[in-house]
Structure formats: structure tokens, C-alpha cells
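Heads up, the thing below is written out as C-alpha cells.
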Amino acid sequence: ITLAILLCCSCCLAGAGQGNGPAKQPSAFEQTLMDSEKGFVAAAKKGDVGFLKRTLTDDFSYVSFDGQLYSRREMIDEYGAGGFDIMPYEMQVVPAGPETAIVTYNVVLRVPAAEDQGPPPRYQHFSSIWVKQGDIWKMKFLQMTASHWGDW
């Protein structure tokens with residue numbers, strides 16, 4: 001019995017010692033959506049109002065880390081000012097149909113504190129819904145979720 005247990009343990013350890021293979025390359029569909037999301041991040045960093053107006057659907061809405069629902073106009077007003085230091089990582093695309101996808105990823109967010117409140121949580125998880133309108137991908141919804149409360 002002891003020999004069988006040792007054999008099972010050694011097999012498990014041998015399998016665990018082997019790392020994951022090379023990362024799978026994103027498909028053209030996934031790469032397009034990741035590039036679109038990275039374009040949004042770049043626009044938020046520099047306050048590119050034109051990009052936001054072109055990229056957000058007319059009925060766009062988002063839920064900020066505070067749990068409140070905001071409109072397209074509020075997104076353009078807030079993110080159009082720029083100054084957001086968003087560092088995305090671990091980006092993934094989840095197809096939700098031929099012309100719809102969810103892009104989900106973690107971020108490190110660094111912004112200055114507002115006048116009467118502290119900065120938002122530093123570690124967040126973003127999920128956005130993209131829809132294809134004609135030949136153009138547009139962002140329809142964005143959800144920001146604090147990953148670690150207290151990491152302000």
C-alpha cells in the first residue's frame with residue numbers, strides 16, 4: 001500500500017513539475033478585439049474624446065467600481081479628460097456570437113485622488129462587451145470591479 005501511495009505521489013509531482021506549454025496565439029477575431037480594447041485604454045490615458053465618440057455605441061453604459069451605472073455622456077466627460085494610468089494584463093476574449101464578444105482583463109489603475117475622496121481601488125477587473133456594427137467594432141458596455149478592497 002505504501003509503495004502504491006508513493007508511486008501515485010511521484011506521478012502527481014512529475015506532472016506538476018512540467019510547466020504549461022507555450023501560450024496559445026490569439027485568433028484574428030481575438031486579436032481584433034484585444035486591439036480595440038487597447039485602443040480604448042490608450043484613449044482613456046490621453047483623453048481622446050474623438051476616439052470615445054467613435055467607439056462607444058449610442059446606448060453605451062458602464063458600471064464603475066463604485067457599483068453605479070453611468071451613461072455614454074458621463075464616460076466621455078470623465079475619460080475625455082485623460083490622466084488615467086491604466087495598465088491592462090491577462091486580457092482574454094470570450095466570443096458571445098459572430099458579432100458580439102466580451103473582453104475581460106485585470107488592470108492596475110493609478111489616478112490622482114479626487115478633491116473630496118481618495119483614489120479608486122488600484123487593482124480592478126474590467127469586462128467590456130463589444131458589438132460589430134457594419135465593419136466596425138464598438139464598445140456597448142463596460143463593468144469595472146475592484147479586485148482588492150483596501151489596495152487604494
Side-chain angles (χ1 to χ4, degrees), residues 12-13 15-152:
C12 290
L13 290 175
Q18 298 175 355
N20 292 342
K24 180 189 105 174
Q25 291 296 319
S27 68
F29 177 81
E30 293 168 329
Q31 191 62 54
T32 298
L33 273 299
M34 286 191 275
D35 290 345
S36 297
E37 191 73 37
K38 288 175 185 174
F40 165 75
V41 169
K45 286 181 178 182
K46 62 184 173 185
D48 187 345
V49 173
F51 179 90
L52 295 173
K53 286 182 177 179
R54 285 188 313 274
T55 305
L56 304 179
T57 62
D58 292 340
D59 60 345
F60 172 85
S61 60
Y62 74 103
V63 176
S64 188
F65 68 90
D66 62 3
Q68 298 298 310
L69 182 65
Y70 295 96
S71 68
R72 179 180 193 269
R73 169 62 24 218
E74 290 166 316
M75 169 63 80
I76 292 170
D77 290 346
E78 183 176 351
Y79 283 77
F84 289 88
D85 186 4
I86 303 171
M87 296 182 342
Y89 62 100
E90 297 176 344
M91 193 174 286
Q92 297 178 339
V93 176
V94 180
E99 298 189 355
T100 307
I102 300 166
V103 180
T104 183
Y105 54 102
N106 292 311
V107 301
V108 177
L109 178 65
R110 293 185 293 220
V111 297
E115 183 177 315
D116 60 345
Q117 55 189 312
R122 182 180 186 120
Y123 300 99
Q124 296 190 29
H125 187 82
F126 284 19
S127 296
S128 58
I129 297 175
W130 290 80
V131 295
K132 195 168 187 182
Q133 294 182 345
D135 292 335
I136 301 169
W137 284 98
K138 293 192 172 217
M139 187 186 286
K140 184 173 184 71
F141 180 79
L142 175 66
Q143 168 86 42
M144 303 169 191
T145 306
S147 296
H148 297 72
W149 285 101
D151 294 335
W152 300 66

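Remember, predicted model here, so these are calculated numbers, not experimental data.
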List, one per line, each side-chain donor-acceptor pair under 3.5 Å for residues 130-144, sequence neighbours excluded.
{"residue": "Trp130", "atom": "NE1", "partner": "Glu37", "partner atom": "OE1", "Å": "2.7"}
{"residue": "Trp130", "atom": "NE1", "partner": "Ser128", "partner atom": "OG", "Å": "3.0"}
{"residue": "Lys138", "atom": "NZ", "partner": "Arg54", "partner atom": "O", "Å": "3.1"}
{"residue": "Lys140", "atom": "NZ", "partner": "Asp59", "partner atom": "OD1", "Å": "3.1"}
{"residue": "Lys140", "atom": "NZ", "partner": "Asp59", "partner atom": "OD2", "Å": "2.4"}

Compare every heavy atom of [Y] with every heavy atom of [X], then report the nearest pair and how far apart it is.
{"X": "Glu74", "Y": "Tyr70", "result": "OE1-CA, 3.2 Å"}
{"X": "Gly80", "Y": "Val49", "result": "CA-CG2, 3.6 Å"}
{"X": "Ile76", "Y": "Lys53", "result": "CD1-CG, 3.8 Å"}
{"X": "Ala101", "Y": "Phe29", "result": "CB-CZ, 3.8 Å"}
{"X": "Glu30", "Y": "Pro26", "result": "OE1-CA, 3.2 Å"}

Supply the atom-to-atom distance [X] [atom1] to [Y] [atom2], rounded to the nearest 0.5 angstrom.
{"X": "Leu33", "Y": "Ile129", "atom1": "CG", "atom2": "CD1", "value": "11.5 Å"}
{"X": "Ser36", "Y": "Met34", "atom1": "OG", "atom2": "CE", "value": "10.5 Å"}
{"X": "Ser127", "Y": "Tyr105", "atom1": "OG", "atom2": "OH", "value": "8.5 Å"}

Please check if the side chain of [X] supplies one atom and the backbone of [Y] the other of a donor-acceptor pair under 3.5 Å.
{"X": "Thr32", "Y": "Ala28", "value": "yes"}
{"X": "Arg72", "Y": "Thr57", "value": "yes"}
{"X": "Lys45", "Y": "Gly82", "value": "no"}

Does any non-hydrogen side-chain atom of Met87 lie less than 4.5 Å from one of Asp85?
yes
Close side-chain approach of Met91 and Val103, heavy atoms under 4.5 Å:
yes
Hey, what's the ring geometry for Phe40 with Tyr79, parallel, tilted or perpendicular (30° and 60° as the breaks)?
tilted
Should we say atom CD of Gln31 is surrounded by more than 12 heavy atoms from elsewhere, each under 6.0 Å from it?
yes
Consider side-chain contact (heavy atoms from CB on, under 4.5 Å). Of Val107, Thr104, Thr145, which one does Phe126 pass it with?
Val107
Could you check Asn106, Leu109, Val108 and say which one makes a side-chain contact (heavy atoms from CB on, under 4.5 Å) with Gln124?
Leu109
Where do Met75 and Leu56 land on the side-chain contact (heavy atoms from CB on, under 4.5 Å) test, with the steps shown first?
CA-CA 9 Å; Met75 169 63 80; Leu56 304 179; 3.6 Å; yes
